[in-house]
Structure formats: C-alpha cells, structure tokens
Amino acid sequence: MNMTINLERLKNNLMELSEIGKDPAGGISRPSFSKADLKAREWLKDKISCAGLCASQDGAGNIFGTLEGKGKTVMAGSHIDTVINGGMFDGTVGVLSALECLQRIHEERTKHTNPLSVASFTDEEGNLVGDFLGSRAFTGMIQREMLEKGNTQFGTPLKNILENTEFTIDSIMKAGEQGPEIDAFIEIHIEQGPLLETEDKSIGIVENIAGKNLWTCLFQGQASHAGTTPFELRHDAFLGLADFALKGTHYVAKEHYGSMLTIGNAHIHPGSFSIIPDRVEFSLDFRSQSGQILKEIEKKVLEFANDISFSRGLHFDYKIIDKTEPVKTSARLKDLMTHFCAELDYPYMTLNSGAGHDAQILSSVSDTGMIFIPCEDGISHSPQEKIDWKDLEKAANLLLRVLLDLSA
C-alpha cells in the first residue's frame with residue numbers, strides 16, 4: 001500500500017486554524033464555546049465537508065466527520081480547544097491528521113468495511129467544568145451536578161456560557177445516546193515532554209496514561225499585625241501552605257518517583273505587606289500511572305494537611321474538582337503500531353503519558369491507542385510550542401496504515 005498523506009495540505013490546515021484565536025500575548029486562546037472556538041468549529045465543519053466526509057455534531061458540541069461503512073466505527077481525533085495563550089499543535093495535530101487520513105482514503109476510493117470517523121471533542125483542556133467535558137459526555141460519563149453547579153475557570157457558571165451557544169445542559173447529557181459503537185480510537189498528540197527528542201525518536205507509542213486528582217484547597221488561619229505578633233502566637237495560613245508544599249513534594253519524589261504533585265496557583269488573603277495571612281486558597285494536582293499510588297498520595301496529603309493544621313492552629317478544607325483514573329492502552333493497537341513502524345522504518349519507542357487525553361476517556365467504551373510526536377524542548381501549552389513537520393508526517397502516515405488495517 002503506497003498511499004501517503006498530503007503533508008502540505010495538513011500543514012496548511014494547521015496554519016489556517018492557528019490564525020483563529022490568536023492572542024495578543026503571542027499564543028492562541030481558544031477555550032471551548034468562546035467566540036474563537038465557535039469560529040474554529042465552523043471552520044472545521046467546512047473542512048470536513050470539503051474533504052468529502054459526512055459532518056455531524058452531538059449535543060455536547062463534539063464534531064465528527066465520517067466515511068460510512070458497516071459494523072463498529074474506527075475513530076481517530078483529539079481536540080481543537082486550547083488553554084489561554086497556548087500553542088498551535090496541542091490537540092489540533094490529532095484532529096487534522098485524522099481528517100487528512102480520511103480525506104486521502106476518500107480521494108483514493110480505498111475500500112473499507114467499518115465506518116471511519118474523525119472526532120474533535122469539546123473542552124479537553126478543562127476551561128469549563130472539569131477536564132474532558134466532550135469525551136465524557138460522548139461516553140456517558142458526565143455528571144449533571146457538575147454541569148449545573150460548576151463554575152468555569154473564568155468564574156462564570158457553565159449555564160451562562162451555554163446561553164451564547166446552541167447547546168444546553170440537557171443536550172450535553174444526551175450526547176452519550178447519540179454516538180456510534182466504537183471499535184477503536186487512536187489519538188496523535190505532541191508528547192508534552194522531552195523524552196522523544198532526547199532519545200531522537202520520531203514516534204512514541206503510549207503504553208499508559210496517568211490518572212489525575214485535581215483539588216481546590218484552603219488553609220484558614222488568623223490575620224494579625226506583621227510587626228507585633230510573635231512567631232509562636234501566629235496562625236499563618238501561608239506558612240501552612242509552605243509546609244504542605246514541601247512535605248507533599250518530598251514525599252511523592254521520595255516514595256513514588258515518577259508520580260507528580262503540583263500546586264499550580266495560590267491566592268493569599270488579605271495580601272498586605274503588614275498583615276499575617278489569614279487564608280490561602282490553592283490548587284492541588286497529583287498524578288500517577290498507578291491507581292493504588294493515587295490513593296496512597298491522597299491519604300498522605302490529607303495526613304500532612306491535618307498535622308500542619310494542628311501544629312499551626314489552622315483549619316484545612318478541600319474540594320475535589322476532577323478525578324481521572326489511569327489507563328493502559330490497547331495491546332492490539334500497540335502491536336499494530338509497532339508492526340507498521342517497523343514496516344515503514346520509523347524510529348519509535350514506547351513511553352507513558354503524564355498528561356491526560358481524550359483517549360483516556362474513550363478507553364471506557366473502546367480499545368484506545370496513542371501516537372506521540374516530539375515537541376521542541378518538551379514545551380507545550382505555550383506560544384513556544386514547536387514540532388518537526390517530518391515527525392508529524394510519519395505519525396500521520398502511521399495512523400493512515402492503522403486505520404486502513406482496522407477498517408478492512
């Protein structure tokens with residue numbers, strides 16, 4: 001089989017899409033259901049139709065382009081939403097590579113039995129309420145309470161944002177009833193780390209995707225004068241956070257190396273030069289390839305928080321924002337990928353993903369696989385996100401072979 005993807009067309013599509021949502025800070029800001037995202041959605045639907053595919057959309061705003069067939073659907077894709085001031089390749093390489101593969105199959109009138117579909121899932125980046133809104137709705141894993149009560153990262157209730165769209169909470173809840181039965185889902189994505197570049201490999205075949213817990217937390221103390229209150233009488237909420245951050249990081253690094261713990265933001269109140277902080281609100285993100293280790297980290301960080309609260313006279317509280325379980329990718333799809341990498345003479349390696357992906361959610365309803373490509377210096381979620389086009393060409397051609405095999 002000598003068919004290959006059209007790299008110039010794929011590059012041009014990526015460059016066109018990168019113009020939608022350009023941020024004054026130099027990157028791309030296209031959070032789901034923003035004006036930029038709604039414009040990008042229309043752009044994608046037009047590209048799908050021009051490629052000769054049947055364009056459709058479910059109640060959560062997930063967009064599909066399909067080549068009809070019989071039996072279970074073979075699907076590939078990712079997402080086109082971005083973080084604020086993000087890069088042009090995160091998510092988009094997965095959607096537009098899948099679109100290019102299906103367009104080539106259509107152009108060549110290549111025979112296939114199973115339906116083939118490209119998918120772009122809503123809000124993978126979690127700008128709305130929790131991560132993976134679209135893929136969770138598609139798989140029937142979305143919770144109405146989260147949609148009804150959750151605030152977006154912009155502080156706006158989701159229902160307010162939906163007022164400017166064709167979607168509702170009811171339509172999102174019904175998305176899981178609208179999709180086809182999936183045989184396999186494959187996602188191309190930038191690695192978002194330095195391993196492939198360091199090892200000089202064009203292709204990464206993902207074996208495991210880490211699970212993640214995301215909490216918002218609070219240490220409550222007592223404000224008092226910074227110049228007159230002795231250290232032993234202070235109830236300093238910031239020092240509680242400092243203790244917690246150091247103990248938590250040291251524990252995970254020492255006992256569970258390879259797992260991660262991160263405090264990504266913190267708000268100190270009242271935030272004055274001369275007042276001891278009485279309250280610190282902060283995020284807590286911990287991840288692991290092991291579900292058991294996630295439970296151990298959860299238990300330990302709660303012990304640290306309670307011990308610190310007792311010793312410093314503070315109160316600790318937390319709220320779980322999101323939980324995602326770790327998953328293993330499909331052995332069947334990994335074998336296919338390694339087979340075609342060898343056939344195409346593509347340098348590859350197997351690796352794990354510390355970041356979450358839509359493929360992680362799709363694993364609840366189908367076999368899933370992931371193909372990583374290197375990103376320069378491991379940088380992602382940044383205007384400095386860069387790839388080598390030759391790596392993307394290899395990944396898309398690998399995807400093309402896998403899709404044809406699965407849909408034969």
Side-chain angles (χ1 to χ4, degrees), residues 76-79 87 89-94 97-98 124 131-132 135 184-212 252-253 256-262 285-294 324-363 366-382 384-399 401-402:
S78 189
H79 62 98
F89 299 108
D90 181 344
T92 58
V93 294
S97 293
E124 189 271 354
D131 294 340
F132 315 115
S135 51
F185 176 79
I186 305 100
E187 181 173 4
I188 294 178
H189 207 281
I190 58 173
E191 181 194 356
Q192 300 179 282
L195 190 56
L196 288 173
E197 185 179 51
T198 301
E199 298 295 329
D200 196 26
K201 303 294 185 184
S202 297
I203 299 291
I205 298 175
V206 177
E207 293 188 300
N208 301 286
I209 306 173
K212 178 181 73 173
V252 174
H256 303 296
Y257 188 79
S259 299
M260 300 292 176
L261 183 145
T262 305
D285 177 321
F286 55 96
R287 308 171 184 234
S288 180
Q289 307 291 337
S290 163
Q292 180 58 39
I293 290 176
L294 278 177
T324 309
E325 290 300 314
V327 301
K328 290 185 178 294
T329 57
S330 161
R332 172 175 68 122
L333 298 184
K334 284 187 292 183
D335 289 345
L336 267 181
M337 292 173 192
T338 55
H339 168 75
F340 286 121
C341 277
E343 188 175 278
L344 294 164
D345 196 26
Y346 290 165
Y348 76 93
M349 63 182 292
T350 58
L351 75 176
N352 295 326
S353 174
H357 301 282
D358 288 310
Q360 187 171 13
I361 307 303
L362 268 291
S363 68
S366 74
D367 282 356
T368 57
M370 289 201 73
I371 301 167
F372 275 176
I373 60 172
C375 49
E376 188 174 307
D377 296 326
I379 295 172
S380 70
H381 282 187
S382 163
Q384 280 72 52
E385 209 171 75
K386 294 180 182 178
I387 64 168
D388 187 321
W389 294 112
K390 293 180 181 178
D391 293 331
L392 179 58
E393 183 177 25
K394 290 184 176 72
N397 279 325
L398 173 60
L399 176 63
R401 293 291 183 98
V402 173

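Bear in mind that the values here come from a model prediction, so they are computed numbers and not experimental data.
Gln360 places no side-chain N or O within 3.5 Å of a backbone atom of Asn208 that could act as its donor or acceptor partner. The backbone N or O of Val206 sits less than 3.5 Å from a side-chain atom of Thr329, completing a donor-acceptor pair. A donor-acceptor pair under 3.5 Å is absent between the side-chain atoms of Glu124 and the main chain of His79, judged by distance alone. Judged by distance alone, with hydrogens and angles left aside, the side-chain atoms of Asp388 form a donor-acceptor pair with the main-chain N or O of Lys390 at under 3.5 Å. The backbone N or O of Lys386 lies less than 3.5 Å from no partner atom in the side chain of Glu376, so there is not a single donor-acceptor pair.
The CG atom of Leu392 sits 4.5 Å away from atom CD1 of Ile373, with the distance rounded to the nearest 0.5 Å. Atom CD of Glu393 is separated from atom OG of Ser97 by 10.5 Å, given to the nearest 0.5 angstrom. Interatomic distance, Leu195 CG to Lys201 NZ, rounded to the nearest 0.5 Å: 10.5 Å. How far OG of Ser380 is from CD1 of Ile387: 13.0 Å, rounded to the nearest 0.5 Å. For the atom pair CZ of Arg401 and SG of Cys341, the computed distance is 11.0 Å after rounding to the nearest 0.5 Å. With rounding to the nearest 0.5 angstrom, the OG atom of Ser259 is 4.5 Å from the CD1 atom of Ile293.
A heavy-atom distance below 4.5 Å is found between the side chains of Asp131 and Lys212. Using a 4.5 Å heavy-atom threshold, the side chains of Pro347 and Asp200 count as separate. Proximity of Ser135 to Leu362: side-chain heavy atoms (C-beta onward) are separated by under 4.5 Å at one or more points.
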| task | Show your reasoning for whether side chain to side chain contact (heavy atoms under 4.5 Å, CB included) applies to Leu351 and Glu199. | result | CA-CA 11 Å; Leu351 75 176; Glu199 298 295 329; over 6 Å; no
| task | Evaluate the criterion side chain to side chain contact (heavy atoms under 4.5 Å, CB included) for residue pair Ile203 and Ile371; output intermediate values, then yes/no. | result | CA-CA 7 Å; Ile203 299 291; Ile371 301 167; 4.0 Å; yes
| message | I'd like to know whether Ile186 forms a side chain to side chain contact (heavy atoms under 4.5 Å, CB included) with Met337, so could you lay out the CA-CA distance, the side-chain angles of the two residues, the decisive distance to 0.1 Å, and finally the verdict. | response | CA-CA 10 Å; Ile186 305 100; Met337 292 173 192; 3.7 Å; yes
| request: Evaluate the criterion side chain to side chain contact (heavy atoms under 4.5 Å, CB included) for residue pair Val252 and Phe286; output intermediate values, then yes/no. | output: CA-CA 9 Å; Val252 174; Phe286 55 96; 5.9 Å; no
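More than 12 heavy atoms of other shown residues, nucleotides or ligands fall within 6.0 angstrom of atom NZ in Lys334. Surrounding CE of Met260 are at most 12 heavy atoms belonging to other residues, nucleotides or ligands under 6.0 Å away.
Heavy atoms only, all atoms of each residue included: His189 and Gly91 are closest at NE2-N, 3.6 Å. When all heavy atoms of Tyr346 and Lys394 are compared, the pair lying nearest together is CE1-O, 3.2 Å. For the residue pair Phe340 and Leu398, the shortest heavy atom distance occurs at CB-CD1, 3.6 Å. The minimum heavy-atom distance between Glu385 and Ile379, with the atom names listed, is CG-O, 3.7 Å. Closest heavy-atom contact between Ile209 and Gly356: CG2-CA, 4.3 Å. Contact between Cys375 and Ile190 at its shortest, heavy atoms only, is CB-CB, 4.3 Å.
For the residue pair Gln292 / Ser290, no side-chain donor-acceptor distance below 3.5 Å is found, with atom types taken as modelled. At a cut-off of 3.5 Å, with distance as the only test, no side-chain donor of Thr368 or Ser363 sits close to an acceptor on the other residue.
Aromatic ring centroids of His357 and Phe372 lie under 6.0 Å apart.
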